[in-house]
Amino acid sequence: MASIYDYSVKDMEGKDVSLSDYKGKVLLIVNTATGCGFTPQYEGLEALYRKYKDQGFEILDFPCNQFFGQAPGSDEEIHSFCTLKYNVSFKQFHKIDVNGKNEDPLYTFLKEQKKGRIKWNFAKFLVDREGNVVDRFGSMEKPSKIEPKIMELL
């Protein structure tokens, strides 16, 4: 069976990043959008990141424009928006598809682990230090509600 550490993704500069670089970390993997009603969740995500990053917590942000075009713009424009408006400091990656024929293989794997199509922006997958996908949260689930689960894994 494949592991999350078998996957590579593209960073915002188009360079390959192996998820094995995150071995031993607790990960929250999120598909995001800059023009969505859930976009203010960036504040909560950043608060979690700042609070727990020194304990081995990482957020991996994958912009996605599949849901009514709510992540327009280039990777650079998305990154600028997120840093200027929400002071985001966690890792942002290249814009991807999370469903359909062009979906990123990482999301194929995540959806195999925790069943179901991605319904909207800000779906969240929680991964433990061993690389196991342990939980999945929908768009409505605010980052603060996930904090107890993150603390358990840290």
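Index from 1, following the sequence.
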Practice item. May I ask you to decide if Glu103's main-chain N or O and Asp97's side chain share a donor-acceptor pair within less than 3.5 Å? Key: no
Point to revise | Side-chain donor/acceptor of Asn132 to backbone N/O of Val134, under 3.5 Å | key: no
Check your understanding: Is there a donor-acceptor pair under 3.5 Å between the side chain of Glu77 and the backbone N or O of Ser74?
Key -> yes
Check your understanding: Which atom pair, heavy atoms only, marks the closest approach of Ser8 to Ser18?
Key -> OG-CA, 3.6 Å
Exercise for review: Using a 4.5 Å cut-off on heavy atoms from C-beta on, say whether the side chain of Tyr22 contacts that of Val17.
Suggested key: yes
Practice item. State whether the side chain of Lys111 and the backbone N or O of Val98 hold a donor-acceptor pair below 3.5 Å, judged by distance alone. Key: yes
Check your understanding: Does the side-chain contact (heavy atoms from CB on, under 4.5 Å) test come out yes or no for Tyr42 and Ile59, once each step is laid out?
Key -> CA-CA 11 Å; Tyr42 271 119; Ile59 294 176; over 6 Å; no
Exercise for review: Check Ala123 against Ser139 and note the closest heavy-atom contact, atom names and distance.
Suggested key: N-OG, 4.1 Å
Review point. Is any side-chain heavy atom of Met140 closer than 4.5 Å to a side-chain heavy atom of Phe38?
Key: yes
Exercise for review: Check whether any side-chain heavy atom of Trp120 lies under 4.5 Å from a side-chain heavy atom of Gln70, and answer yes or no.
Suggested key: yes
Exercise for review: Please check if Ile78 and Tyr107 belong to a single hydrophobic cluster, counting links between Ile, Leu, Val, Met, Phe, Trp and Tyr side chain heavy atoms closer than 4.5 Å.
Suggested key: no
Review point. About how many Å separate CG of Asp54 and CG of Leu154, when rounded to the nearest 0.5 Å?
Key: 11.0 Å
**Study point:** From Phe122 atom CZ to Cys36 atom SG, the distance as rounded to the nearest 0.5 Å
**Key:** 6.0 Å
Check your understanding: Is there a path of hydrophobic side-chain contacts, each under 4.5 Å between heavy atoms of I, L, V, M, F, W or Y residues, that connects Phe62 with Val133?
Key -> yes
**Study point:** Verdict with supporting geometry, Glu147 and Leu48, side-chain contact (heavy atoms from CB on, under 4.5 Å)
**Key:** CA-CA 7 Å; Glu147 186 170 7; Leu48 286 176; 3.8 Å; yes
Exercise for review: Could you go through the side-chain contact (heavy atoms from CB on, under 4.5 Å) check for Leu45 and Tyr86 one step at a time?
Suggested key: CA-CA 10 Å; Leu45 292 169; Tyr86 295 104; over 6 Å; no
Check your understanding: Has Lys91 got its NZ or CZ under 6.0 Å from the middle of the six-membered ring of Phe93, at an angle within 45 degrees of the ring axis?
Key -> yes
Practice item. Please answer: with hydrophobic residues joined when any side-chain heavy atoms are less than 4.5 Å apart, are Phe137 and Phe57 in the same cluster? Key: yes
Review point. If you take all heavy atoms of Thr34 and Phe81, which pair is closest and at what distance?
Key: CG2-CD2, 3.4 Å
Revision key, fill the gap. Nearest heavy-atom contact between His79 and Met12 is CB-SD, 3.4 Å
Point to revise | Point-to-point distance, once rounded to the nearest 0.5 Å, from CD of Glu58 to NZ of Lys53 | key: 9.0 Å
Exercise for review: Check the pair Val26 / Arg129 against side-chain contact (heavy atoms from CB on, under 4.5 Å), numbers first and verdict last.
Suggested key: CA-CA 5 Å; Val26 172; Arg129 291 183 187 272; 3.7 Å; yes
Point to revise | Least distance between heavy atoms, Phe125 atom then Leu110 atom | key: CE2-O, 3.6 Å
Point to revise | Side-chain donor or acceptor of Asp75 paired with backbone N/O of Lys95 under 3.5 Å | key: yes
Point to revise | Glu152 side chain near Asp135 side chain, heavy-atom distance below 4.5 Å | key: no
Review point. In Å, rounded to the nearest 0.5 Å, how long is the span from CZ of Phe67 to CG of Asn121?
Key: 6.0 Å
Check your understanding: Hey, which of Glu141, Glu46, Lys124 is the one that makes side chain to side chain donor-acceptor pair (under 3.5 Å) with Gln41?
Key -> Lys124
Exercise for review: Return yes if a side-chain donor-acceptor contact under 3.5 Å exists between Thr32 and Asp61, otherwise no.
Suggested key: yes
**Study point:** Which atom of Cys64 lies closest to which atom of Asn31, heavy atoms considered
**Key:** CB-CB, 4.3 Å
Point to revise | Modelled atom types, side-chain donor and acceptor of Asn99 and Gln66, under 3.5 Å | key: no
Point to revise | Min side-chain heavy-atom separation Ile118-Arg136 under 4.5 Å | key: yes
Check your understanding: Is there a side-chain contact between Leu106 and Ile96 (heavy atoms, below 4.5 Å)?
Key -> no
Point to revise | Distance (rounded to the nearest 0.5 Å) between Leu28 CG and Ile146 CD1 | key: 5.5 Å
